[in-house]
Amino acid sequence: MQISPKYKHIEIEKKWYSYWMKNELFKSIPNDKEPFTIVIPPPNVTGLLHMGHMLNNTLQDILVRRARMLGKNACWVPGTDHASIATEAKVVENLKKKGISKDDISRDEFLKYAWDWTDEYGGGILDQLKKLGCSCDWDRTKFTLDDDMYESVIIAFETLHEKGLIYRGNRMINWDPEAKTTVSDEEVNYVEEDSSLYYIKYLIEDSDIDLQIATTRPETLFGDTAICVNPNDDRYKEIIGKNAIVPICNRRVPIISDPYVDLEFGTGCLKVTPAHDINDYNLGIKHNLETIDIFNEDAELNSNGMHYEGKDRFIVRKEIEAELKKNDLLIKKENYLHNVGRSERTNAVIEPRLSKQWFLKMDDITKPAIENVLKKDNIKFFPGKFKSTYKHWLENIKDWNISRQLSWGHQIPVFYYGNNDDYVVAINKKEALKKINYNSDNKYSEDDLTQDNDVLDTWFSSWLWPISVFDGIRNPNNDEINYYYPTQDLVTGPDIIFFWVARMIISGYEFRNEKPFSNVYFTGIVRDKLRRKMSKQLGNSPDAIKLIEEYGADSVRVGLMLSSAAGNDLLFDESLCQQGKNFTNKLWNALKLINGWEVDDKKSQPVENKLAINWYNNKFNKTLDLIDKNFNNYRISDVLMSSYRLIWDDFCSWLLEILKPNYGEKIDKESKTELIKLLEKNLKILHPFMPFLTEEIYHNIPHTNTSDALTISSWPANEKYSSSIVDEFEITKEIISNIRNYRKEKNISFKTSLNLYYLPNGNNLSNIEIIKKIAIIDKLEESTKEKFDVVTSFLIKKFEFFIPLEEGFDKDKEINKLTKELDYYRSFLKSVEIKLKNENFVKNAPKNIIEKEKQKIKDSKQKIESITKSIEELT
RNA sequence: GGGCGCUUAGCUCAGUUGGUUUAGAGCACCUCGUUUACACCGAGGGGGUCGGGGGUUCGAAUCCCUCAGCGCCCACCA
């Protein structure tokens with residue numbers, strides 16, 4: 001079989017992905033096997049693959065592929081999210097380029113544009129995931145706006161509404177004036193920004209005193225409906241109950257008192273604007289204040305803003321500053337560092353605004369999510385520290401504002417009729433009409449109904465994802481949901497622990513009375529090596545697809561996994577992919593080497609081959625044990641590192657070097673057969689990480705498995721191993737290392753045969769075991785066993801090795817070295833002796849520890865004796 | 001302001017319930033090497049008083065206290 005000298009990742013990856021697809025190896029249908037289910041965190045439908053996706057989906061693929069090899073019915077459900085605000089923003093922007101404003105077209109027209117956009121750019125990310133090697137069941141691909149998914153969301157709304165959990169309320173919400181929509185608390189980022197604190201003069205009615213009021217937002221004075229001071233503030237006790245005059249608009253407002261006001265801040269005097277500040281709003285409710293809204297939806301002043309009507313809030317701030325100054329009402333202006341809330345999506349400064357919105361009551365439905373996860377530990381988090389974040393959020397949860405003033409999404413299934421406040425909840429107009437007329441004698445027709453214009457928060461659909469992809473909302477008892485739900489693992493970022501993870505848990509218990517998944521693996525954030533987040537603006541985000549093309553999917557996957565412990569940020573650098581590529585190269589060459597060895601049927605197996613194969617078998621099983629443990633603890637990078645070292649160091653550097661036939665010779669049949677079996681086992685443990693390369697190599701060796709593809713072969717069984725065989729080989733390695741070190745020190749070429757001999761030194765091992773080691777040493781070091789004059793020696797465990805005199809040997813240097821060593825062991829011995837003389841130690845320490853200390857004394861004494869002897873012989 | 005977490009080699013991190021001489025790994029670094037799998041390599045090597053201080057203990061990177069520095073989440077003082 002001719003093997004290509006270079007591993008050609010592009011054609012090989014294409015070849016195997018289409019093979020897997022053609023043979024439907026990722027397909028899953030319910031059967032009698034144990035299910036292993038992962039639902040993908042659906043990326044934005046029009047998004048492009050970035051480093052975060054690569055990390056996240058590589059992890060999922062690793063888990064899914066291993067589960068598949070473990071014989072489970074692995075089902076990875078792919079899909080995309082409509083991402084209402086982000087997608088709508090893109091569509092609006094695109095329309096703008098065409099000279100079309102969203103406000104000038106109908107909802108239906110806008111939706112048509114949005115669908116065209118989605119059809120054109122949508123789903124590309126799924127093809128990119130295929131390039132990464134993701135083994136999703138593509139027949140199951142879902143989109144959150146597919147008809148069935150849409151219906152699920154509406155039914156969920158209906159159900160919750162019937163339970164009285166959804167209500168419409170006038171609330172202070174976060175308004176994004178650019179997107180002209182509400183955003184949730186979680187979508188607001190507070191950033192410290194330089195701003196100013198304005199000290200404004202307010203006159204008091206029937207009084208000679210002026211009040212000084214400090215504010216960061218002078219433009220909101222049109223909305224002032226009270227002045228508030230602290231009841232314990234002696235400066236202002238006299239004026240409580242009087243009226244103040246708001247500058248410019250000259251409105252009379254009451255002076256009230258409330259302990260909320262901080263005596264220390266500013267002047268201790270607060271202007272209260274209930275329509276535009278959450279705290280003021282709460283004061284307003286408490287003190288029954290009037291609410292004056294002064295902004296329109298663009299955050300421009302409305303008619304309440306008098307001569308500023310139609311001007312932007314920030315322009316008004318400047319102009320009002322000038323007007324106040326002119327009228328001698330601005331006392332001073334200070335620089336002030338201040339937290340400003342900005343919209344995560346548009347970066348616009350959030351305007352707190354009073355508005356009618358739909359809310360989901362959270363206090364009751366979160367109870368199972370607290371009980372089952374925090375008290376019963378029914379869902380495990382990796383790393384576990386995120387449970388405290390989860391706990392804190394759930395215990396302080398507020399009602400969820402689920403309406404958004406957008407068009408792209410699931411339109412709120414509320415139909416208004418008659419008076420403004422009359423409505424029904426229904427899946428469509430027809431159903432709505434049925435409900436209305438049932439109660440009121442058919443007096444309405446479809447034309448009398450208007451559907452609520454808003455759509456639901458995107459997360460109101462994604463929180464149902466693990467249920468709705470199996471149609472468990474519409475058909476709660478279907479075979480799919482009963483088989484696949486609850487799913488096993490969820491892999492996602494900690495940034496959406498509230499948005500998504502917690503809410504899926506809540507909905508899981510609400511709609512199915514069961515957790516949505518058993519384990520949550522939180523990935524870190526992919527940063528560049530300077531710890532900066534990857535962003536378009538910085539241009540520090542590599543093109544994911546280009547990386548795959550350049551290094552190969554396997555190499556990129558390995559690169560990503562090499563340094564990403566759960567929850568830890570990944571400091572990405574292209575050199576990681578290079579390291580991955582080096583590893584694929586190493587494996588490829590190992591295949592070339594092994595396949596190049598010709599077999600001699602008559603040759604019997606040399607003792608060193610037998611020993612080495614037996615050792616590797618034990619080493620493999622020991623490592624596999626660790627790998628399985630680490631997999632179960634989701635320590636994925638540890639798993640990869642163990643496999644990496646096992647294969648690079650133990651398999652390639654030791655096993656292959658020992659088995660390698662000498663020049664012109666052939667390998668015995670038994671060794672080659674066994675070697676190939678070992679290689680196959682290596683491929684299996686690597687397959688979740690490097691699916692393409694391992695599949696290719698698998699098809700280049702006579703594999704023992706009956707299956708045609710490594711992808712569906714079985715994970716190696718965890719066999720018993722002997723630790724002592726593994727440890728003993730470490731001694732052999734150490735001997736060889738010492739010999740090599742000696743060569744290096746003495747500048748002796750590897751080609752030069754070394755003469756060395758060795759003696760058992762006060763040990764109990766039989767000669768046969770010593771000879772076993774010698775066989776391996778001879779193979780690697782071409783030594784002879786003739787006796788020469790002893791000049792140097794080293795003790796390795798219980799064996800002493802002697803290497804004969806060479807030309808140019810520096811006696812003094814050697815004595816010096818040995819003397820240093822002697823000093824070390826003498827002081828070491830002393831410290832152990834002191835320890836053992838300590839009565840408390842002997843009294844309190846466990847027996848095995850004391851035994852170990854005693855052994856240390858023995859060993860070091862022996863060492864001292866041997867070094868002393870060597871020094872004597874030299875002098 | 002409230003909460004959580006981190007500080008171990010140049011970098012990124014392991015270090016399980018305190019107990020194998022000299023605290024590990026990968027990468028980076030240094031030296032040597034064109035030995036017919038691989039220079040995308042091989043062999044060898046250097047490098048840490050485990051953030052500072054205190055305590056508990058026969059024994060501390062590991063447990064407790066304290067100080068310093070860093071990160072994240074929540075709240076959002078006009």
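Fair warning: this is a prediction, and the values are worked out from it, not measured in the lab. Residue numbering restarts at 1 for every chain, and letters A, B, ... go by the order of the sequence lines.
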Give Val261(A) one of three labels, base, sugar-phosphate or nothing, depending on what nucleic acid heavy atoms sit under 4.0 Å from its own.
-> base
NA contact type, Cys228(A), heavy-atom cut-off 4.0 Å: base, sugar-phosphate, or nothing?
->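 Nothing, no nucleic acid heavy atom in range.
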In whole angstrom, what separates Glu187(A)'s CD from C74(B)'s C1'?
-> 16 Å
Can a side chain N or O of Asn585(A) be found less than 4.0 Å away from OP1 or OP2 on C41(B)?
->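 No.
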Could you check whether Tyr198(A) gets within reach of a base, just the sugar-phosphate, or nothing at all, counting any heavy atom under 4.0 Å?
-> nothing
Find the distance Trp597(A):CH2 to U36(B):P and express it as a whole number of Å.
->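 Rounded to the whole Å, the gap is 15 Å.
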Which is true for Gly268(A) with a 4.0 Å heavy-atom rule: it touches a base, it touches only sugar-phosphate, or it touches nothing?
-> base
Kindly state which residues belonging to residues 218-226 of chain A come within less than 4.0 angstrom of RNA chain B, counting heavy atoms of the residue only, listed by number.
-> none
Considering only side-chain heavy atoms of Lys592(A), which listed nucleotide, A37(B), A78(B), G26(B), is closest?
->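 Among the listed nucleotides, the one closest to the side chain of Lys592(A) is A37(B).
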Quick one: which of A37(B), C40(B), G26(B) gets closest to the side chain of Gln578(A)?
->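 So the side chain of Gln578(A) is nearest to C40(B).
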Name the residue closer to the 5' end of RNA chain B, choosing between Leu571(A) and Ser653(A) according to the nucleotide with the nearest heavy atom.
->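 Going by which nucleotide is closer to the 5' end, it is Leu571(A).
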What string of B, S and - do you get for nucleotides 57-62 of chain B 5' to 3' if you count protein non-hydrogen atoms under 4.0 Å?
-> -B----
If you measure from the P atom in G55(B) to the same atom in A60(B), how many Å do you get, rounded?
->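 Pairwise P distance, G55(B) against A60(B), rounds to 12 Å.
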Not counting sequence neighbours, list each pair that qualifies as a salt bridge (charged side-chain N to carboxylate O under 4.0 Å, His left out) and has a residue in residues 637-647 of chain A.
-> Arg635(A)-Asp638(A)
With respect to the side chain of Lys586(A), which nucleotide from G26(B), C41(B), A78(B) is positioned closest?
-> C41(B)
Check: Phe522(A) ring centroid to Phe386(A) ring centroid under 6.0 Å |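 Yes.
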Would you please confirm or rule out a distance under 4.0 Å between OP1 or OP2 of C74(B) and any side-chain N or O of Tyr190(A)?
-> no
Flag the pair Glu351(A) and Arg217(A) as a salt bridge only when some basic side-chain nitrogen lies within less than 4.0 angstrom of an acidic carboxylate oxygen.
->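 Yes, this pair counts.
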With heavy atoms under 4.0 Å as the rule, sort Arg635(A) into base, sugar-phosphate or nothing.
-> sugar-phosphate
Nearest-angstrom distance, P atom, A61(B) to G52(B) =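 Straight-line distance between the two P atoms is 11 Å.
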Atom-pair distance (CG on Asp638(A); C1' on A14(B)), nearest Å =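 Result: 6 Å.
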Return yes if a side-chain donor-acceptor contact under 3.5 Å exists between Tyr260(A) and Asn282(A), otherwise no.
->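 The criterion, which ignores hydrogens and geometry beyond distance, is not satisfied for Asn282(A) and Tyr260(A).
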CE of Met641(A) versus C1' of G15(B): gap in Å, rounded?
-> 15 Å
Is a donor-acceptor contact shorter than 3.5 angstrom present between the side chain of Glu657(A) and the base of A43(B)?
-> no
If you check the Gln579(A) side chain, which of A37(B), A75(B), C27(B) turns out closest?
->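 For the Gln579(A) side chain, the nearest candidate turns out to be C27(B).
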A correct 5'-to-3' footprint of nucleotides 1-9 of chain B, with B, S and - meaning base, sugar-phosphate only and no protein heavy atom under 4.0 Å, is ---S-----
Inter-nucleotide P distance (G51(B), U8(B)), Å rounded | 6 Å
Atom-to-atom span, NZ of Lys660(A) to P of G42(B) - whole angstrom = 11 Å
Nucleotide pairing, RNA chain B (Watson-Crick or G-U, distances under 3.5 Å), in dot-bracket with [ ] and | | (((((((..((((.....[....)))).(((((.......))))).....(((((..]....))))))))))))....
Donor on one side chain, acceptor on other, Ser184(A) and Glu187(A), under 3.5 Å |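 Result is yes, a qualifying pair exists.
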Is there a side-chain polar atom (N or O) of Asn568(A) under 4.0 Å from OP1 or OP2 of A14(B)?
-> yes
Could you check whether the rings of Phe498(A) and Trp393(A) sit parallel, tilted or perpendicular, using 30° and 60° as the cut-offs?
-> parallel
Length of the CG-P vector between Leu560(A) and U12(B), whole Å | 18 Å
Considering only atom P, compute the distance from C50(B) to U22(B) and round it to an integer number of Å.
-> 14 Å
Check: Asn632(A)/Lys629(A) side-chain N/O donor and acceptor closer than 3.5 Å |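 Distance-only check fails for Asn632(A) and Lys629(A).
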How far, in whole Å, is A28(B) from U12(B) if one measures between their C1' atoms?
->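 Roughly 11 Å separates the two C1' atoms.
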Quick one: is G42(B) close enough that its OP1 or OP2 comes under 4.0 Å of any side-chain N or O from Trp648(A)?
->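 Result: yes.
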Please work out if Phe386(A) contacts a base, only the sugar-phosphate, or nothing of the nucleic acid, heavy-atom cut-off 4.0 Å.
-> nothing
Quick one: list whatever passes ring pair (Phe, Tyr, Trp, His ring centres under 6.0 Å) with Tyr336(A), sequence neighbours left out.
->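 If we apply the ring pair (Phe, Tyr, Trp, His ring centres under 6.0 Å) test to Tyr336(A), skipping adjacent residues, the hits are Phe265(A), His338(A).
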Between Arg531(A) and C72(B), does any side-chain N or O lie under 4.0 Å from OP1 or OP2?
-> no
